[in-house]
Amino acid sequence: MSPYSYKINGGHKLCGDVNISGSKNAVLGVLAAAMMIDGVCNLENVPDISDVHVMIELCQTLGATIETEKAPEGSLTLHIDPRTINTYKATGAAVSKIRASYYLLGALLAREGKASLRMPGGCNFGQRPIDLHLKAFKAMGAKGANPENLNDGIITLEASPLKGAKVFFDIVSVGATINVMLAATKAQGKTVITNAAKEPHIVDVANFLNSMGAKIKGAGTDTISIQGVPVLPGNFSYSIIPDQIEAGTYMIAAAVTGGDVTIHNVIPTHMEPLSAKMREMGYIVDEDDDSIRVCKEEDAEITGTNIKTMPYPGFPTDLQPQAVVLMCLADGMSKMHENVWQNRFQYIPELLRMGADINVFDRIALVEGIKKFRGATVTATDLRAGAALVCAALAAEGTSYVTNAKKIDRGYEHIVDKLRSLGADIDRTEEVYYEQDEEA
Ligand code: EPZ
């Protein structure tokens, strides 16, 4: 597929209603978990995004049978039968396309007692080690779990049997928490994870596993206990939770365009870190059972704020770029402290091209409010940065091209249709635009 961009004519207020899709970071863990069951299952509310298609492809190369059905509202329903899996190796190039492929380590260890995986990919925020995953698998009896045991980028682990263990994470890690939960589900004995991550997608994977017959307690707290079981019967349907990060992105898009949007199919408590900040800045954020309305009083003053990204229930790092766009259009100085990733400000130069006034010092960005963004040609450096640039372009005066737009489609289902339905002037174009050099 040739490269494509999103062409956006900014300045239109977003108004109306938008439905949030299933959570990318939940469904990627749930798909790996589905590979462990001893029956069949149906997954509903699966977002139709490229990372999901990559994960489906990976599961199919293992031999799993997955039929994809288009649901009326545009999401996918998957009919999964993992009993046809015929290998413990996931070493093809596709593995390096996404980070979540590493969940197959935990799932295959649990299912086959052996796993061989090419090192995963994912957004480039600097170092993305998997030492916590390997340390935990080693504690559970897996051989080959030493970081130096990487033969040309392939990790091979063996554990027969996998045993329950006490696992303490000195860094809160979403991926390591999910991976150990998967491996522990069918291990012999009990595993207790301390200092576990508490994100909504962790709870969704645990709920999925429990509805399969697993025995997991405490997901969503910092201590999770898993009693291993020999069989996971499956034979049920499960619906993926709404995407917290997609919802936050639309809340911010509504705010920066001065619009009035109601976001449906959300779990308001998951949005609390962002909702609280937006209210503090001067936006109206009204919650109902499963929807949130974002708007602002006509002459409301929007003031800057300070944010520090933290593991849930702190402010999510995956909304950091979008929140910086919100800060750019607030009065006065704001500060964004990126506390999870080593280097997650690579998109800032793209915002500077749109007229932003930001200075970055290591993990801190100091943002001076401006009146307006100006349209420009910018590049998505990763999926959330790309979404942030779309928000800035929607608010900007003039036309913008967000190139490398396929990165955005990794995590945002039908983004052009959804934004158009809110009044945005956005098109997908195959022409990759670069600003003409100034006339000599
Ligand atoms: C997940 O990545 C998400 N990806 C990321 O979202 C998200 O930014 C991140 O969690 C934090 O919330 C998926 O769920 C597919 P971590 P993950 O392990 O699991 C360090 C998006 O935009 N660490 O919680 O890779 C790590 O370097 C993506 O949807 C170790 O040191 O993140 C980081 O500093 C981008 N050793 C911190 O922990 C390890 O073995 C948190 O990472 C593992 C992690």
Side-chain angles (χ1 to χ4, degrees), residues 21-33 47 49-52 54-55 58 95-106 119-139 145-147 150 155 167-182 193 195-205 222 240-241 243-249 270 273 309-323 338-344 346-347 363 380-388 407-413:
S21 306
S23 164
K24 166 179 91 79
N25 292 345
V27 72
L28 295 175
V30 164
L31 267 170
I49 54 178
S50 57
D51 272 19
V52 163
V54 170
M55 197 66 173
L58 289 179
V95 174
S96 304
K97 285 184 186 171
I98 58 173
R99 173 90 176 157
S101 46
Y102 59 20
Y103 292 143
L104 294 175
L105 276 175
M119 275 296 277
C123 304
N124 174 18
F125 304 139
Q127 277 289 323
R128 291 192 79 173
I130 62 166
D131 55 311
L132 297 176
H133 303 239
L134 297 180
K135 198 168 81 172
F137 291 144
K138 189 172 181 179
N146 302 315
L150 288 181
I155 313 155
V167 174
F168 172 78
F169 286 135
D170 43 5
I171 300 177
V172 175
S173 164
V174 168
T177 302
I178 289 179
N179 228 345
V180 172
M181 239 173 28
L182 297 181
I193 305 172
N195 201 22
K198 301 181 267 194
E199 272 69 355
H201 26 293
I202 307 260
V203 178
D204 210 31
V205 175
D222 47 23
I240 301 295
I241 53 165
D243 193 311
Q244 169 202 32
I245 306 304
E246 185 196 18
T249 304
H270 291 169
T309 64
M310 297 292 282
Y312 191 80
F315 192 92
T317 176
D318 293 345
L319 284 174
Q320 180 259 87
Q322 303 90 314
E338 173 51 60
N339 196 39
V340 173
W341 294 109
Q342 197 178 13
N343 174 16
R344 194 172 191 165
Q346 288 133 317
Y347 64 91
R363 289 189 179 212
T381 48
D382 65 72
L383 98 119
R384 306 301 176 186
K407 285 193 185 254
I408 301 169
D409 292 343
R410 288 187 52 195
Y412 289 88
E413 182 184 69

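As the structure lists them, so they are numbered: ligands from 1, and atoms in each ligand from 1.
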Those atoms of ligand 1 less than 4.0 Å from some heavy atom in R384: 21 (C), 22 (O), 29 (O)
Give the numbers and elements of all ligand 1 atoms closer than 4.0 Å to a heavy atom of I130. 39 (C), 40 (O)
Distance check, rounded to the nearest 0.5 Å: I98 atom CD1 versus L58 atom CG? 5.5 Å
Side chain to side chain donor-acceptor pair (under 3.5 Å) with R344: of N339, D318, T381, only one passes, and it is D318
As an exercise, identify every atom of ligand 1 less than 4.0 angstrom from a heavy atom of R99. 25 (O)
Would you say ligand 1 has an N or O under 3.5 Å from any N or O of T317? no
Considering only non-hydrogen protein atoms, determine which one is nearest to atom 31 (O) of ligand 1 and report residue, atom name and distance to 0.1 Å. P129 CG, 3.4 Å
Where's the contact between E246 and ligand 1, heavy-atom distance under 4.0 Å: side chain, backbone, both or neither? neither
Is a donor on one side and an acceptor on the other found under 3.5 Å between the side chain of D51 and the backbone of G411? no
Between E246 and I49, is a side-chain contact (heavy atoms from CB on, under 4.5 Å) present by the stated rule, with each step listed? CA-CA 12 Å; E246 185 196 18; I49 54 178; over 6 Å; no
Does the side chain of T317 come under 3.5 Å of the side chain of E338 through a donor N or O and an acceptor N or O? yes
Which ligand 1 atoms are under 4.0 Å away from a heavy-atom of G175? 18 (O), 19 (O)
Any nitrogen or oxygen of A176 lying under 3.5 Å from a nitrogen or oxygen in ligand 1? Just yes or no. no
Polar atom proximity, V340 to ligand 1 (N or O, under 3.5 Å): yes
Would you tell me whether T249 and Q322 have side-chain atoms, one donor and one acceptor, within less than 3.5 Å of each other? yes
Please check whether I171 reaches ligand 1 - meaning an N/O of the residue sits under 3.5 Å from an N/O of the ligand, judged on distance alone. no
Closest to atom 8 (O) of ligand 1 among protein heavy atoms sits D318 OD1, 2.6 Å
Subset of ligand 1 atoms that lie under 4.0 Å from at least one heavy atom of K24: 21 (C), 29 (O)
Residues G29 and Y103: closest non-hydrogen pair is CA-CD1, 3.7 Å
D243 and K24: salt bridge (charged side-chain N to carboxylate O under 4.0 Å, His left out), yes or no, with the steps? CA-CA 7 Å; D243 193 311; K24 166 179 91 79; over 6 Å; no
Start with the C-alpha gap between N195 and D170, add the side-chain angles, then the distance that decides, and say whether side-chain contact (heavy atoms from CB on, under 4.5 Å) holds. CA-CA 7 Å; N195 201 22; D170 43 5; 5.7 Å; no
What part of L383, side chain, backbone, both or neither, has a heavy atom within less than 4.0 angstrom of ligand 1? side chain
For ligand 1, which atoms have a heavy atom of Y102 less than 4.0 angstrom away? 17 (P), 19 (O), 25 (O)
Residue, atom and distance of the protein heavy atom nearest atom 18 (O) of ligand 1 read S173 OG, 2.7 Å
Nearest to atom 2 (O) of ligand 1, what protein heavy atom do you find, and at what distance? R128 NH2, 3.4 Å
Closer than 4.0 Å to some heavy atom of H133 - which atoms of ligand 1 meet that? 40 (O)
Short side-chain to backbone donor-acceptor contact, D204 and A26, under 3.5 Å: no
Contact atoms of ligand 1, heavy-atom distance to R344 under 4.0 Å: 8 (O), 22 (O)
Do S23 and Q244 come close enough that some side-chain heavy atom pair is under 4.5 Å? no
Close N or O approach (H201, ligand 1; < 3.5 Å): no
What residue and atom, counting heavy atoms only, is the protein's closest point to atom 3 (C) of ligand 1, and at what distance? N25 ND2, 3.8 Å
N/O separation below 3.5 Å, V174 to ligand 1: yes
Using atom types as modelled and distance alone, determine if a side-chain donor or acceptor of T177 lies under 3.5 Å from a backbone N or O of A197. yes
CZ on F169 to CG on D222, rounded to 0.5 Å: 12.5 Å
What protein heavy atom sits nearest atom 40 (O) of ligand 1, and how far off is it? L132 N, 2.8 Å
Closest non-hydrogen protein atom to atom 9 (C) of ligand 1, residue and atom name please, with distance? W341 CZ2, 3.8 Å
Ligand 1 versus Q342, non-hydrogen atoms closer than 4.0 Å: side chain, backbone, both, neither? neither
At what distance is the nearest protein heavy atom to atom 35 (C) of ligand 1, and which residue and atom is it? F125 CE1, 3.5 Å
Please verify the inter-ring angle class for Y312 with H270; under 30° counts as parallel, over 60° as perpendicular, anything in between as tilted. perpendicular
Hey, does the side chain of N179 reach the backbone of G106 with a donor-acceptor pair shorter than 3.5 angstrom? yes
